[in-house]
Undergrad: 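Below is the structure I would like to discuss, written out as structure tokens.
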Amino acid sequence: MSGKYIVRQPIKDAAGTIIGNEILYYGANQAFSSDNSTSSAEFAAANTIYSFLTQNTPKVLKGTLNFMTFTTMLLMKKTPRLFDKNDLVIQIDDAVIIHPLSMHLVQQYVREGYRVAVNEFQFTPRYLSLLDDIHFIKINGSTASEVTIRNTVEIAHSMNIKCIVTHIDNVKLYDRAVALGADGLEGPYVADRLTTKAHSSAYIQSNFFQLMVAVTKDEPNVEEIEQMIAADASLTYGLLKMVNSAYFALRHRATTITQAIMTLGLGQLKQWIYLLSASNAENEVDPGSEEFLKRSFLRANFCSELMNHAKDMPISKAEAYLMGMFSTLNYLIDAPMEEILAEVPVADEIKAALLNREGRCGKLYELVLSYEAADWERITVLAEELGIPDNMMTSIYFICMENVNTLWEQLTNPYPQQEEEPSAEPQV
């Protein structure tokens with residue numbers, strides 16, 4: 001397997017709020033498993049990871065606490081210092097714990113103010129002796145018994161240490177970890193679980209959904225779109241707030257729907273239509289909705305950018321963007337995906353991909369999901385089948401992540417020169 005991939009996965013608390021992200025990496029770093037800590041293979045592996053982090057640290061760190069496993073070689077290369085101590089948790093595993101030099105380095109970082117997490121914590125003397133120097137204990141929720149998890153949580157809390165239960169891949173493990181008082185939860189099920197409040201299937205008849213259908217038509221009717229927005233004060237507010245955001249930096253505020261659509265353009269309205277689903281003139285976007293929207297935009301951007309390299313694709317980049325965005329419709333609406341997509345005017349290839357992962361579009365969609373899940377073997381297979389160079393995947397992913405973070409910040413904040421909020425009154 002030749003791929004070298006880096007991806008981040010969320011760590012959430014029991015309320016579903018993201019408390020940090022784990023940076024997972026795969027590829028050349030697999031040489032770290034060698035017992036020979038001074039092997040040329042490990043030096044090469046450390047250089048690969050160090051080089052990537054040197055170039056991408058600002059993107060990796062954007063707005064989150066980062067948990068990252070450091071090997072002896074990465075510690076010796078002083079890699080943690082690429083990160084601000086407030087943005088990083090140094091994770092260590094057994095190979096570091098039994099290495100005297102590694103532990104000396106870890107303790108030095110602790111004195112400098114860095115936080116430390118121990119992977120796969122065990123009730124053995126060498127682990128217990130670390131308790132004064134660590135801030136997080138991580139325990140495997142899929143292999144540890146209920147008694148072990150309970151005891152670990154109790155010990156951690158008695159020493160003011162937080163306990164994170166990992167490898168949670170189903171609702172049973174999730175509920176058990178929450179019931180036992182885990183401070184953090186991590187795993188495929190946690191990553192997929194969104195706290196955004198799902199709308200009922202009747203939402204398909206709502207103004208927002210009908211607007212989404214209207215703007216995704218091959219030839220949208222501008223007059224019809226204006227009337228739909230005008231009929232709903234929250235859609236009007238959302239549209240005016242978007243167009244008067246820092247992203248557009250307008251000299252003169254748009255105050256009518258017509259002005260807003262002319263400024264925005266139907267192409268960008270189609271691209272960011274999901275933002276209007278969270279429109280609320282009285283409150284900021286809640287954390288659950290923000291996570292949902294960011295995931296939607298990240299999938300959309302990732303699908304679109306991968307199209308620059310994928311071979312023999314039957315859809316355009318713009319259609320790939322919609323495929324990524326609409327892949328989260330089942331989180332937005334409590335209805336079967338078949339029922340939802342029956343109403344949305346997207347290409348049959350996209351519907352087949354989202355429903356059954358069929359065709360080359362299905363492979364592209366599955367590649368994005370596999371990357372989210374850090375399914376390293378599947379990533380390499382799908383990238384090869386699509387003709388995408390696997391050595392570009394990580395850079396594309398982090399560029400998309402940075403773009404989404406920047407876009408989100410600009411679209412959800414008003415332009416600084418504005419002195420008043422957009423009117424929520426539906427004016428055409």
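Each residue takes its place number in the sequence, starting with 1. As the structure is a prediction and not an experimental result, all values here were calculated from the model. Just so you know, these numbers use all the heavy atoms, side chains as well, and skip hydrogens, waters and symmetry mates.
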Undergrad: Identify the heavy atoms of Leu185 and Ala177 that sit nearest to each other, and give their distance.
TA: CD2-CB, 3.5 Å

Undergrad: Over all heavy atoms of both residues, which pair between Leu276 and Leu211 is shortest? Give the atoms and the distance, please.
TA: CD1-CD2, 3.9 Å

Undergrad: Taking everything shown except Asp348 itself, do over 12 heavy atoms lie less than 6.0 Å from its CG?
TA: no

Undergrad: Find out whether Phe136 and Val89 are in side-chain contact, i.e. whether some heavy atom of one side chain is under 4.5 Å from a heavy atom of the other.
TA: yes

Undergrad: Taking side-chain contact (heavy atoms from CB on, under 4.5 Å) as the definition, give me every residue that meets it alongside Val96, ordered by chain and number, with sequence neighbours left out.
TA: Thr72, Leu75, Ile92, Asp93, Ser102, Met103, Val106

Undergrad: Just by distance, do the side chain of Asp390 and the backbone of Glu384 share a donor-acceptor pair under 3.5 Å?
TA: no

Undergrad: Is any side-chain heavy atom of Leu382 closer than 4.5 Å to a side-chain heavy atom of Tyr365?
TA: no

Undergrad: Counting only N and O atoms by type, is there a donor-acceptor contact under 3.5 Å from the side chain of Arg8 to the main-chain atoms of Phe67?
TA: no

Undergrad: For atom NZ of Lys78, decide whether the heavy atoms of other residues, nucleotides or ligands shown that lie under 6.0 angstrom number more than 12.
TA: no

Undergrad: Keeping Ser145 on the side-chain end and Thr148 on the backbone end, is there a donor-acceptor pair under 3.5 Å?
TA: yes

Undergrad: Would you please name every residue forming a side-chain hydrogen bond (donor to acceptor under 3.5 Å, both in side chains) with Ser370, sequence neighbours left out?
TA: none

Undergrad: Does the side chain of Val190 come within less than 4.5 Å of Gln9's, by heavy atoms?
TA: no

Undergrad: Please enumerate all residues that pass side-chain contact (heavy atoms from CB on, under 4.5 Å) together with Val346, with sequence neighbours excluded.
TA: Phe326, Val344, Ile350, Lys351

Undergrad: Could you work out, with ring pair (Phe, Tyr, Trp, His ring centres under 6.0 Å) as the rule, every residue matching Tyr397, not counting sequence neighbours?
TA: Phe302, Tyr371

Undergrad: Below 4.5 Å, heavy atoms only, C-beta onward: do Phe297 and Asn403 meet side chain to side chain?
TA: no

Undergrad: Could you check if a side-chain atom of Leu329 sits within less than 4.5 angstrom of a side-chain atom of Met212, using non-hydrogen atoms only?
TA: yes

Undergrad: Taking side chain as C-beta onward, heavy atoms only, is Leu298 less than 4.5 Å from Glu372?
TA: no

Undergrad: Taking Tyr114 for the side chain and Phe83 for the main chain, is one N or O donor matched with an acceptor at less than 3.5 Å?
TA: yes

Undergrad: Residues in salt bridge (charged side-chain N to carboxylate O under 4.0 Å, His left out) with Glu112, at least two apart?
TA: Arg81

Undergrad: Using only atom types and a distance under 3.5 Å, with no angle test, would you say the side chain of Ser327 pairs donor to acceptor with the backbone of Gly324?
TA: yes

Undergrad: How would you list all residue pairs meeting side chain to side chain donor-acceptor pair (under 3.5 Å) that involve residues 156-165, not counting sequence neighbours?
TA: His157-Asp183

Undergrad: State whether the side chain of Thr394 and the backbone N or O of Ile6 hold a donor-acceptor pair below 3.5 Å, judged by distance alone.
TA: yes

Undergrad: Does a side-chain heavy-atom distance below 4.5 Å link Leu266 with Lys270?
TA: no

Undergrad: Which residues pass the side-chain contact (heavy atoms from CB on, under 4.5 Å) test with Thr124, not counting sequence neighbours?
TA: Gln122, Arg126, Tyr127

Undergrad: Partners of Ile149 by side-chain contact (heavy atoms from CB on, under 4.5 Å), sequence neighbours excluded?
TA: Ile139, Ala144, Val153, Val165, Arg176, Leu180

Undergrad: Working to the nearest 0.5 angstrom, can you tell me the gap between Ile18 CD1 and Leu65 CG?
TA: 12.0 Å

Undergrad: For the pair Lys363 (side chain) and Leu386 (backbone), establish whether a donor and an acceptor sit closer than 3.5 Å, ignoring hydrogens and angles.
TA: no

Undergrad: Hey, could you give me the CD1/SG distance between Ile315 and Cys303, rounded to the nearest 0.5 Å?
TA: 7.5 Å

Undergrad: For the backbone of Gly265 and the side chain of Gln268, can you confirm whether one donor and one acceptor N or O come within less than 3.5 Å of each other?
TA: no

Undergrad: Between Ile164 and Phe121, is there a side-chain heavy-atom distance shorter than 4.5 Å?
TA: no

Undergrad: Which of parallel (below 30°), tilted (30 to 60°) and perpendicular (above 60°) describes Tyr274 and Phe292?
TA: parallel

Undergrad: Are the side chain of Asp169 and the backbone N or O of Pro188 linked by a donor-acceptor pair below 3.5 Å?
TA: no

Undergrad: According to ring pair (Phe, Tyr, Trp, His ring centres under 6.0 Å), who are the partners of Tyr321, at least two apart in sequence or on a separate chain?
TA: none

Undergrad: Assess the side chains of Glu305 and Asn308: does a donor N or O sit below 3.5 Å from an acceptor N or O?
TA: yes

Undergrad: Only counting residues at least two apart or in another chain, list the ones meeting salt bridge (charged side-chain N to carboxylate O under 4.0 Å, His left out) with Glu146.
TA: Arg150

Undergrad: Sequence neighbours left out, what passes salt bridge (charged side-chain N to carboxylate O under 4.0 Å, His left out) with Glu22? Give chain and number order.
TA: Lys138

Undergrad: Got a second to check how far Thr17's OG1 is from Ile19's CD1, nearest 0.5 Å?
TA: 9.0 Å

Undergrad: From Met242 CE over to Leu411 CG, what is the distance, rounded to the nearest 0.5 angstrom?
TA: 6.5 Å

Undergrad: Residues two or more places apart in sequence or in another chain: which of them pass salt bridge (charged side-chain N to carboxylate O under 4.0 Å, His left out) with Lys85?
TA: none

